[in-house]
Amino acid sequence: MTDRALPPLAHLLGLDTLPADRIRALLDDAQALLPHARGGTALREVLHGRTVCTLFFEPSTRTRSSFHVAAKRLGADVLNFNVATSSTTKGETAADTMRNLEAMGVDAFVVRAAQDGAVAALAQQARPDTHFVNAGDGRSHHPTQGLLDMLTLRQAKGADFGKLTVLIVGDVRHSRVARSDLHALRALGAGEIRVCGPTTLLPGAAELEGCRVGADLDAMLDGVDAVMMLRLQRERMEEGLVPSLDGYFRDYGLDARRLALARPDAVVLHPGPMNRGVEIADEVADGPQSRVLQQVTNGVAVRMAVLRAVLGA
Ligand code: CP
């Protein structure tokens, strides 16, 4: 089934409300769109005449750029709104900013915000026919990252997630990526989900229900099919949640010795930006088991699929 067989999505705010068949359909659609993600003009009519605005209140390299590329590949007009040079610096609210851009004919907003729930709140204040895609809000959701991670796993390991043991490592507590990955892995029926990190960086037990949780990374790597590394948010050191970067790498950094404890065909994912030498060694980040750049390419295809789904084309 391709996503086109399903009713359009009004918005994509999180993966927690998306049924498994919708997630699978978006992955199917993204896989089919992959040949077009790297270039070409074949799909320029799909969103011709539609306008997509990227509205990022936090920095981004991958998400913002890949939404831009995805929208252009589908023929949309793209407005990359620059928050730093906008009238938000004079105190204009995010809602007023959105309404003014909406009045210029924006059909879909791709929004990143620091506050949990901020993208959903903007969607509630918009016209009924304006669409929103959450590009990351607070610690809550990063749905397109979750989808591109699932596509990358599926390409490496096949569609039967029930056979997979997946390990998520690092600062799960503050990670919207980890939360979206957990929603997606559960929806797709992952065989075993493991979570490893210092107790100061793990969320409460309710969020990790059904996961095998541990602090000994060497032990947790045994028999793993995929390792999903997370960025250590350096501000956590200032909060005293991590004693030192060296100590973090010693206990939770993925190097070649550690990776050899996983299955020989295990793959390594990281959402970026990577802190090399803090959570991941160069030899792993750039090694044969790394799927980091494949994730980025998949991100364009996933975002093409999502824009097509929300804009109903
Ligand atoms: N993975 C991710 O969200 O990267 P950016 O912050 O660069 O968009």
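When a ligand or atom number is given, it counts from 1 through the structure's own listing order.
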Peer 1: Using every non-hydrogen atom in the two residues, find where Leu241 and Leu201 come nearest and quote the distance to one decimal.
Peer 2: CB-CD2, 3.9 Å
Peer 1: If you round to the nearest 0.5 Å, how far is OG1 of Thr130 from CG of Leu122?
Peer 2: 11.0 Å
Peer 1: Within a distance under 4.0 Å of any heavy atom of Gln145, pick out the atoms of ligand 1 and give their elements.
Peer 2: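 Counting from 1, the qualifying ligand atoms are 1 (N), 2 (C).
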Peer 1: Determine, using heavy atoms of His142 and all atoms of ligand 1, whether some pair is separated by less than 4.0 Å.
Peer 2: yes
Peer 1: Looking just at side-chain N and O atoms, do Thr152 and Arg291 make a donor-acceptor pair shorter than 3.5 Å?
Peer 2: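 No - no donor-acceptor pair under 3.5 Å links their side chains.
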Peer 1: Identify whether the distance between the nearest side-chain nitrogen and carboxylate oxygen of Asp28 and Arg154 falls below 4.0 Å.
Peer 2: yes
Peer 1: Atom 1 (N) of ligand 1: which protein heavy atom is closest, and how many Å away?
Peer 2: Pro271 O, 2.8 Å
Peer 1: Taking it one step at a time, do Leu254 and Leu221 satisfy side chain to side chain contact (heavy atoms under 4.5 Å, CB included)?
Peer 2: CA-CA 10 Å; Leu254 190 63; Leu221 280 161; 4.2 Å; yes
Peer 1: What residue and atom, counting heavy atoms only, is the protein's closest point to atom 6 (O) of ligand 1, and at what distance?
Peer 2: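 It is Arg112 NH1, 2.9 Å.
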Peer 1: Would you check the N or O atoms of Pro273, main chain and side chain alike, for any that come under 3.5 Å of an N or O of ligand 1?
Peer 2: no
Peer 1: Charged N to carboxylate O under 4.0 angstrom, Arg276 versus Asp286?
Peer 2: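 Salt bridge present between Arg276 and Asp286.
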Peer 1: In terms of side-chain geometry, is the basic nitrogen of Arg258 or Asp218 positioned less than 4.0 Å from the acidic oxygen of its partner?
Peer 2: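 Counted as a salt bridge, because a side-chain N and a carboxylate O are separated by less than 4.0 Å.
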Peer 1: Please report which non-hydrogen protein atom sits nearest to atom 2 (C) of ligand 1, along with the residue it belongs to and the distance in Å to one decimal place.
Peer 2: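 So the nearest neighbour among protein heavy atoms is Thr63 OG1, 3.5 Å.
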Peer 1: Can you report which non-hydrogen protein atom sits closest to atom 4 (O) of ligand 1, along with the distance?
Peer 2: Arg62 NE, 3.0 Å
Peer 1: Look at atom 7 (O) of ligand 1 and say which protein heavy atom is nearest, naming residue and atom and giving the distance to 0.1 Å.
Peer 2: Thr61 N, 2.7 Å
Peer 1: Is the closest heavy atom of Gly272 to ligand 1 under 4.0 Å?
Peer 2: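 Yes; Gly272 lies near enough to ligand 1 that a heavy-atom distance drops under 4.0 Å.
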